Amino acid sequence: MTQVCRHFLNLLDWQPDELKGLIARAIELKKQPSPDHRPLAGKTLAMLFEQASTRTRVGFEAGMNQLGGAAVFLSPQDVHLGRGESIEHTAKVLSEMVDGVMIRTPSYDRLKLFAQNSRVPVINGMTSLNHPCQLLADIQTYWELRGDIAGAKVAFLGDGHNMCRSYVRAARQFGFQLHIACPSGYEPDLASELTSSIILGNDPKSAVANADLVVTDVWTSLAHDESEKSSRIKAFLGYQVTPAVMSEASGDALFMHCLPAHVGEEVSADMLDHPQSVVWTEAGNRLHSQKALLERLLA
Ligand code: CP
């Protein structure tokens, strides 16, 4: 096994001060874009996507270009990984040719195995367990619009899947209070990580009460079979974020959604473009926070 470099697989692998440094740098890069800032000139990022993506893919590709480097998109159908070449061999080969690898795969264990065999930094572009890059953009968005998120109350409504789990980890690293409301049977399996600041329940109203930030995610994600969709919609009724739900939060609360949204399911149409919604800024911050991460890992 080879592990000689820093990876970004899980928010808990980085110190809180390092994560805050990334957020501060993302805000700086966004405020002061400079065509002369090319710390990644001559460097290449391989992007291996085993699932679809818009924001993650474009954020990393545009980010590499803006920092002077290049990105190569790889889908399993086009490379030998999809025809039986092992993840270990793929990691060793890519390490000989590129300066970093970003992977989106459902399996966190597969991501870890890749990283253990990689001599270049590996970035988690989303697994079924977590989505740390999305959390960098979300925290950046809150910092820009409301200041430090430490001590704020965040409400997460909906499925206890990868975004919810990432919020649990982010609450620990960034010091905010997290109130989760999931239907019974859809809670995150992170009971050991719950603290007095991370509360898990089934009541959306009490989770949202006086919250500074309200977050949701799709009820049927890339990891779920579409055949589950109708039973999921039934189970999650009452967890949709609407302007009426937002009115229970603090008066200047923000609404975030990592997107893509299933309008009419987890979020109402009038919530996405509501004055308290910052989903488009949040999506745009995927670029800036990923640039800060690339600069930190590859420069
Ligand atoms: N939020 C997010 O990761 O978007 P994509 O699936 O489009 O990358």
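This structure is a prediction, so every number in the text was calculated from the model and none was measured. Counting starts at 1 for both ligands and their atoms, following the listed order.
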**Request:** Applying side-chain contact (heavy atoms from CB on, under 4.5 Å) between L94 and each of V79, V122, V120, L74, report the one that passes.
**Result:**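 When side-chain contact (heavy atoms from CB on, under 4.5 Å) is applied between L94 and each of V79, V122, V120, L74, only L74 qualifies.
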**Message:** Name the residue from L254, L178, I139, L145 that meets the side-chain contact (heavy atoms from CB on, under 4.5 Å) definition with L213.
**Reply:**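 It is L254; the other options fail the test.
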**Request:** At a heavy-atom distance under 4.0 Å, which protein residues reach ligand 1? Sort them by chain and number, would you?
**Result:**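 Protein residues near ligand 1 are S53, T54, R55, T56, R104, H131, Q134, C258, L259, R286.
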**Asked** Between D138 and T141, is any side-chain donor less than 3.5 angstrom from a side-chain acceptor?
**Response**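 Looking only at side-chain atoms, T141 and D138 do not form any donor-acceptor pair under 3.5 Å.
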**Asked** Is there side-chain contact between E265 and V218, with heavy atoms separated by less than 4.5 Å?
**Response**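 With C-beta onward as the side chain, the pair stays apart.
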**Message:** So does Q51 get a backbone contact from the side chain of R104, meaning a donor-acceptor N/O pair under 3.5 Å?
**Reply:**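 Answer holds: no.
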**Asked** Is the backbone N or O of P106 less than 3.5 Å from a side-chain atom of E50, with the two atoms forming a donor-acceptor pair by type?
**Response**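 No, the answer is negative, given that no donor and acceptor are paired below the 3.5 Å cut-off.
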